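Presented below is the structure to which this report refers.
Keep in mind that what you see is a predicted model, and the values were worked out from it rather than measured. The basis for the numbers below is simple: all heavy atoms, side chains too, and nothing from hydrogens, waters or symmetry mates. Numbers for residues simply follow the sequence, beginning at 1.
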Amino acid sequence: QGPSSSSAAASAAANHTNNTKTDTVNATLSAEKQAGEPTTEAAPEQTNGSKTSTKSKTKARDKTKGKAKDKAAESSQEPNSNSNSNSSSNASGSETSTTAWQEPRAPAAATTTPESTAATAATAAIATATTGVTRGGGTSNAARITSSSSSAPKRDIATKDPSEGDSDDAREQPPVQVVRAEFRTSRPVVISEVPVYIGLRDCSGRYFEDKGDCPNIRYRWSRGPIVKPCIFHPQNASQFKDVTKTFQFYCSRECFLRGWHTLAKEHWNPEPENEEELYDVSKKWVKVSESRVYCPTEKDIDRPLRLDIIPVMEDGSNSDIGRMFICTGTVMQTPNNTRTRRMISNGGNHLNAEWLAKQFKVMDWNVLADLYTNESQYPYCEKWALSWNWRKHLIFEELKSMAADIITLQEVQKDAFDEWFKPELANLGYEGIFQPKKWEPFFHRGKYTVEGCATFWKATRFKKLDRYIFDYDKISASMLRNGSQEELSQSLQRATRGNVALAVVLEDLTLKPPPGWSPVGPGGGHKVCVVNTHICADPKSTDVKTWQAHVLAMSIQQHGLGGLPLLACGDFNSTPSSAVYEYMKKGSIRVDHPDFKQDPCRLLEHVKIGHSLRLHSAYESCSGQEAEFTNYTEDFKGALDYIFFSADNIAVLAISQVDEESALSKEVALPSQTRPSDHVSLVATFMFREDCTPPGIVAEQAAQQQQQQQAAQHQQHQQHHHQQHHH
């Protein structure tokens, strides 16, 4: 509604326009029903029949339409017992395109505003609702003029109501009927296949999913009318249109009022030449495909898509029993908004040309598995922005923009690795491997899947020599030997969480170390060990997190990887003040650390806690402190992710700056429409050190020092625990 006073002329114009729209939709729909199948340019079948019929019966016919249209419109008002009627009724709770037009109200009075005087002319400022999008991203069933609080939530799902099938008993039944149809995404994205689930039932009562091989089902995809995006929020479909002043589109009343009062005139749309163009009466739908699978194109942008699922009779004809349709929200352009991030050099020094030729870049990122994205977990994020169909493009754009030589990712789903990460990154010249967590598979979106760690490297720069899997649960079982059987059983049960680490040994194909340098790969290049891990996330299990960090360090040393240039990357789910962080950096933990107080199963008492890897943090080394935020949600804001490196044989040259809170707070929290994960990626640039003592000698010296320190610290630790226990 516009911020101006009401007038009789405005009300009459609105009523006349609304009658015209409703009659046009009903007449076209009825003509389509009589023809049996829609034409290439068909009126939308997803008319909410009950609402349109009730509204049409209370309105006078437009005398200029002629008898044929009157008859067709009357026909469309009669109750329809076929499945199209069922689908329309069922889809009233789905995100279907609006065809049941609501009568626009005259604008509210605003006699004190300058606009109100001009608005009382022939046409007042009427906000005409276009096909809207609900919070979930789909199109709404009714024009959004009045308060949207009266509308029920919409979903991209349609199910057949068994109670509506009684009238079909007397007619011949098709071999199969559609019982459920659901889109797996709220809003499709260009070039990405629209994921859909189709549930069928055959004559014997068996239920099954059609994956495209059922001969008794036909599919028809249709492209709907354009729904313009909001002038202020381009990623939101409009729900309002100003038809008297700016002629622009808005996603909310707040945006409409903002546009009315503040939108600069150069951003106004030109005034339409006729009423049909002004109110966008033409609502044509065009058939675009007859296959089960459809990938939206550029022509589909800002338009909803409709999928008709049609049972086929034995003679090959289409059945009007057991059919169904579902509609999506408007199609979005493939995202390509890449953020630029400033690089901070180590010590503020500029990188010289020689370093640039020797450097290699490492990127670490928890990409947020689709398994964990739901509105209850992230209520501040739009449903469509949480969908994997949208987020995967943003993730890929960031991976591509950083152009790292080594990429370590966490929370990668097995199906996403096979279907998206591996093929897409292969096109950029990467090779990669995946290691799932030791969890039972989740049934997610119609299939079983797991998530885990994935490591990629540029095939032109590095070659894989070896890989190691560190199964924390199995290693824990072999390490926990001291203590009574009951204590060990309790400790092992607490330590078993299914987390893993993936270690890959790579050889540099570009740079060769100086003569006498060791170790080197078969081709004479530098070797580097890249470890990728995701540690236990439970905030109440600090003892388990510390234990897993210890298992990781011990596994690296026991496999002889400690003498190699080492990168330990991942989501450690621990802040810089934690025992995990202190242990990774210092190789030991002070006996009075607060995290030691939480050890209900005395897990940390069974082993000597310490390692000799001499690790540094890339971000702290360059900026003097860790990134302020690597995880930014409503529940937690802080640093959890790190890139550790062995400073004896690798030097960090620069890091990519992580956004400050002032920038992150604009998003409310992560993930968001422009940021696909609740974590922020870390990027660091390294160089092999060739100006130091060979790594083998350094490791031996460090090992001797560490052994002495560990013996003294372990003795202090045991004494401290005994004193507490006695007390």
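Classification of E660 and R342 as a salt-bridged pair fails, no side-chain N sitting under 4.0 Å from a carboxylate O. One finds a salt bridge joining R180 and E182 here, because a Lys/Arg side-chain nitrogen approaches an Asp/Glu carboxylate oxygen to under 4.0 Å. Checked for salt-bridge contact, K447 and D415 meet the test: a charged N lies under 4.0 Å from a carboxylate O. Between R445 and D370 there is a salt bridge, with a side-chain nitrogen of the basic residue lying less than 4.0 Å from a carboxylate oxygen of the acidic one. Electrostatic pairing of K458 and D405 does not count as a salt bridge here, judged by no charged N lying under 4.0 Å from a carboxylate O. A salt bridge links R461 with D508: the closest approach of a Lys/Arg side-chain nitrogen to an acidic carboxylate oxygen falls below 4.0 angstrom. Contact check on D308 versus R306 returns a salt bridge, with a Lys/Arg side-chain nitrogen under 4.0 Å from an Asp/Glu carboxylate oxygen. Using a 4.0 Å cut-off between charged nitrogen and carboxylate oxygen, E398 and R341 count as a salt-bridge pair. Taking a cutoff of 4.0 Å between a charged side-chain nitrogen and a carboxylate oxygen, D659 and R675 qualify as a salt bridge.
Summarising the local packing, OH of Y448 is surrounded by 12 or fewer heavy atoms from other residues, nucleotides or ligands at distances under 6.0 Å. Within 6.0 Å of atom NZ in K422, 12 or fewer heavy atoms from other residues, nucleotides or ligands are found, so the atom counts as exposed in its surroundings. No more than 12 heavy atoms of other residues, nucleotides or ligands shown are found within 6.0 angstrom of NZ on K463.
Checked options F434, F462, F417; the residue passing with F456 is F417 (criterion: ring pair (Phe, Tyr, Trp, His ring centres under 6.0 Å)). Checked against P676 for a side-chain contact (heavy atoms from CB on, under 4.5 Å), the options I395, L386, T373 give a single hit: I395. Screening K585, H616, E620 against F644 for a side-chain contact (heavy atoms from CB on, under 4.5 Å) leaves a single residue, K585.
Taken from CG in L257 to CZ in R253, the straight-line distance is 9.0 Å, to the nearest 0.5 Å. Atom CZ of R467 and atom CD of Q435 lie 6.0 Å apart (nearest 0.5 Å).
Using cut-offs of 30° and 60° for the angle between ring planes, the Y250 and F256 rings count as perpendicular. Aromatic ring pairs are classed by plane angle as parallel below 30°, tilted from 30° to 60° and perpendicular above 60°; the pair Y581 and Y642 is tilted. Using the six-membered ring where Trp is involved, H393 and W420 have ring planes that are perpendicular, over 60° apart on the 30 and 60° scheme.
Inspection of the Y372 and N374 side chains reveals no N or O donor paired with an N or O acceptor under 3.5 Å.
The main-chain N or O of V288 is never found under 3.5 Å from a side-chain atom of R223 such that the two would form a donor-acceptor pair.
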Do any side-chain atoms of residues 529-538 form donor-acceptor pairs under 3.5 angstrom with protein atoms, and if so which ones, sequence neighbours left out?
from	atom 1	to	atom 2	distance (Å)
N532	OD1	Q410	NE2	2.8
N532	ND2	L409	O	3.1
N532	ND2	A454	O	3.1
N532	ND2	T455	OG1	3.3
T533	OG1	Y472	OH	2.7
T533	OG1	V500	O	3.1
H534	ND1	K437	NZ	3.1
H534	NE2	D571	OD2	3.1
H534	NE2	N573	ND2	3.4
D538	OD1	K540	N	3.1
D538	OD2	S541	OG	2.8

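Between T633 and K637, every side-chain heavy-atom pair lies at or beyond the 4.5 Å cut-off. By the 4.5 Å heavy-atom criterion applied to side chains, Q333 and E298 are counted as neighbours.
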